[in-house]
Structures are given as structure tokens and as C-alpha cells.
Amino acid sequence: MTSLEIDRLAGTAPRVAWVTGASSGIGAAVAVELARRGWTVAASARRTERLEALAQSLPGEASGRIVAHPVDVTDADGLAATVNAIERVHGPITLAFLNAGVAPGSDAGGLDLAALEQALAVNLMGVARPLSLLMDRMAARGQGTIAVNASLVGYRGLPGAAAYGASKAAAIHLCESLAFDCARHGIALKLVAPGFVDTPMVAGQSFAKPMMIAVEDAARRIVDGLGRPGFEIAFPRRMAWLVKLLRVLPYPAYAWLVARLDRRLGKGRNRGPG
């Protein structure tokens, strides 16, 4: 993305971005990429020391900065206070990347209710709460960009991904529904759907990870996509097309193909991109 495209994305407002889940993985990489391109990035996560270390790790050529604003995305009051603090100190939030997420482990067969509750609390409500806060403020201003990090696994059910996949599918549905309301108020709502990205969360899983990409590559693709028209930022392309094919297949064909892929890739829990 050129500096001209950055300015077009920010409009005439200060270039202030808010990134949740910024202490590691995709969130940290996107925060760094935005700061490299001139943004003031308010980085949020629970771990203050990780955020401060991230702020100090910026390369010398970065023209922006990262400022730590710790918060737990399951804390509704804390989120409201954080948004108030960011806008009071840095100016209106022009861009937000709502990325906080978990892939809870599961030792149980079938449906692990504890894992599902944790995934929904963070991956769905941890997106919905800040999204609601931002929509109100950006609608009043008539502009803004909000990106929600979901996952390709949310497009159709996959073995071993009941909790994680359900939370990401719900986030996708939420964005698809709200995109129309956002557009009416001048807000660009974007859905980010990555495949396997080399992050600590993914590295800790034992299942096969086809077409995995580096986290820095993922961050570049996301930030580039934020400056372009369109609702969806899905990658890598080959995996995105494969998962989208599963969406349109009738159930018998889908079940046959997924079962075959599952046998080929091996068994594992919490399998799924993103």
C-alpha cells in the first residue's frame, strides 16, 4: 500500500488505529505493519508487558508508533473506558482491527462445552462489544474502517473444530449482517479470513497445517486489503477457494470430501485455519 492509499483510508482524520489481541501473533504483526506505514496504533491485549515490548520493537524506519492500551475484551466496562482513553489521548479511531481470539484446547470427545463457552466469549463477544462501540462513534462521524479477524474454518464445519469453528462462523455471520448497516453510515466493515498462519497459537497444535504462511506475510496481506475496496480479505487464495467450494457443495458431497481429507491429514482436535 502506498502512502497515498494510506491517506485515502484515513481520510482527513488523524491516522489512529486500534488493534485488539495485539500482544502476539497476527495482532502484533498487524500493529507493527500499520506503525511502519505511519499509523499511531493503540495496541490492546491483557498482557501489558507484551504490549510495551512490542512498542519498543518497532524498526527505526517506522514512521508511526505503537502505544499500549491494555484491556480484556471480555470486560465490557474496560472496553468502553479503553476506547474513551484512546480517542481522548490520540484522536478519533479511524481504523480498527478486532483480532483477539483463542483456540481452546479440548480433551473431551464430541462437544466440549467449556471450550465452546470460552471460544464464544472471546472470539464472538470479544469482537461484538468493541464493534458496537466503534460503530456508534464512527456512524456519528460518517466514516471509519473496522476489520474483524475470523478464519477460513468458519465457512463450514470441519472435524475437531466445533468450538473454534462455531465462534468464527458466528463472527462471519455477524459481519455479513452488519456490513449493510455500516455502509449506510459511511463505515467500511471488512472480514478477514486467514488460513494457517505461523503464530504461537497455531504452532501449539499437533494437526497438519497445509499452505501455512509467515505471520509477517499475513500482516502485509491484511493491511494491503484494508486500503482496497471490498468486504473480504481471505488468504491464501488456494485454501480460500477450497473452503468456499465446501460452502456450496450439497451435504453428501461435502461430508464425503471432508471425511477423505480428514483421513489424509490425520486426526487432531481444534483443527482449522486461522
Side-chain angles (χ1 to χ4, degrees), residues 1 3 5-23 26-46 48 51 54-55 58 62-101 125-150 171 174-175 178-179 181-192 219 222-228 231 233:
M1 183 187 294
S3 59
E5 288 170 318
I6 283 280
D7 290 339
R8 187 184 303 123
L9 178 59
T12 58
R15 293 188 292 183
V16 177
W18 183 30
V19 179
T20 65
S23 61
I26 293 175
V30 166
V32 169
E33 187 66 20
L34 286 168
R36 284 184 58 252
R37 303 187 192 200
W39 289 79
T40 293
V41 181
S44 291
R46 292 176 300 170
T48 305
L51 296 174
L54 179 68
L58 274 181
S63 54
R65 60 180 178 144
I66 296 175
V67 183
H69 285 270
V71 69
D72 185 334
V73 294
T74 65
D75 177 2
D77 292 338
L79 283 167
T82 298
V83 171
N84 285 334
I86 292 169
E87 297 206 331
R88 183 176 65 251
V89 174
H90 308 295
I93 296 170
T94 305
L95 166 68
F97 179 53
L98 305 180
N99 164 77
M125 295 309 300
V127 165
R129 288 190 180 96
L131 181 56
S132 176
L133 292 169
L134 291 166
M135 283 179 64
D136 288 344
R137 290 168 181 256
M138 290 181 176
R141 297 191 284 261
Q143 65 173 354
T145 298
I146 306 171
V148 171
N149 195 25
L174 180 73
C175 291
L178 290 176
D181 293 324
C182 286
R184 283 194 289 270
H185 291 96
I187 303 167
L189 180 59
K190 292 179 177 286
L191 174 70
V192 180
I222 292 168
V223 177
D224 285 348
L226 294 176
R228 297 177 184 140
F231 170 70
I233 305 169

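Note that the numbering runs from 1 along the sequence shown for the chain.
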Can you tell me how far CE of Met135 sits from SG of Cys182, rounded to the nearest 0.5 angstrom?
4.0 Å
Just do the side chain to side chain contact (heavy atoms under 4.5 Å, CB included) check on Ile93 and Met138 with the steps written out, would you?
CA-CA 8 Å; Ile93 296 170; Met138 290 181 176; 4.3 Å; yes
Does the side chain of Ile26 come within less than 4.5 Å of Phe97's, by heavy atoms?
yes
Could you grab the distance from atom CD1 of Ile146 to atom CG of Leu134, nearest 0.5 Å is fine?
5.0 Å
May I have the step-by-step check of side chain to side chain contact (heavy atoms under 4.5 Å, CB included) for Val19 and Ile66, ending in yes or no?
CA-CA 10 Å; Val19 179; Ile66 296 175; over 6 Å; no
Using residues 67-74 as the side-chain source, report each donor-acceptor pair under 3.5 Å to any protein atom, sequence neighbours left out, with the distance given to one decimal.
residue, atom, partner, partner atom, Å
His69, NE2, His90, NE2, 3.0
Asp72, OD1, Thr74, N, 2.9
Asp72, OD1, Thr74, OG1, 2.8
Asp72, OD2, Thr74, OG1, 3.4

Evaluate the side-chain proximity of Trp39 to Val16: yes if any heavy-atom separation is below 4.5 Å, no if none is.
no
Excluding sequence neighbours, so at least two apart, what forms side chain to side chain contact (heavy atoms under 4.5 Å, CB included) with Arg36?
Val32, Glu33, Pro59, Ala62
Please determine whether salt bridge (Lys or Arg N to Asp or Glu O under 4.0 Å) holds for the pair Asp75 and Arg46, giving the CA-CA distance in whole Å, both sets of side-chain angles, and the decisive distance to 0.1 Å.
CA-CA 11 Å; Asp75 177 2; Arg46 292 176 300 170; over 6 Å; no
Does the side chain of Ile187 reach to within under 4.5 Å of the side chain of Thr145, using non-hydrogen atoms?
no
Is the shortest side-chain heavy-atom distance between Thr94 and Arg15 below 4.5 Å?
no
Could you report the tightest heavy-atom contact between Leu51 and Ala45, atom names first, then the distance?
CD1-N, 3.6 Å
Closest non-hydrogen atom pair, Ala147 against Leu226
CB-CD2, 3.5 Å
Within 6.0 Å of CZ in Arg137, more than 12 heavy atoms from elsewhere
yes
Look only at the side chain of Thr20 and the backbone of Asn99, and say whether a donor-acceptor pair between them is shorter than 3.5 Å.
yes
Quick check against the 3.5 Å criterion: does Lys190 have a side-chain atom that pairs as donor or acceptor with the backbone of Arg228?
yes
Which pair of non-hydrogen atoms, one from Pro130 and one from Leu79, has the smallest distance, and what is that distance?
CD-CD1, 3.8 Å
Determine whether Trp18 and Leu95 satisfy the following criterion, side chain to side chain contact (heavy atoms under 4.5 Å, CB included), listing intermediate values before the conclusion.
CA-CA 6 Å; Trp18 183 30; Leu95 166 68; over 6 Å; no
Take Leu189 and Leu131 through the side chain to side chain contact (heavy atoms under 4.5 Å, CB included) test and state the conclusion after the steps.
CA-CA 10 Å; Leu189 180 59; Leu131 181 56; 4.0 Å; yes
Could you tell me which non-hydrogen atom of Ala22 sits nearest to which non-hydrogen atom of Leu54, and how far apart they are?
O-CD2, 3.3 Å
How long is the gap from CG on Leu34 to OG1 on Thr40, to the nearest 0.5 Å?
10.5 Å
Side-chain donor/acceptor of Thr82 to backbone N/O of Gly78, under 3.5 Å
yes
As an exercise, state the distance from CG of Leu174 to CG of Leu191, rounded to the nearest 0.5 Å.
10.0 Å
Of all heavy-atom pairs linking Phe231 and Ala179, the shortest is CE1-CB, 3.9 Å
May I ask you to say whether Asp136 pairs ionically with Arg141, meaning some side-chain N is under 4.0 Å from a carboxylate O?
no
side-chain hydrogen bond (donor to acceptor under 3.5 Å, both in side chains) against Arg88, all qualifying residues, sequence neighbours excluded:
none
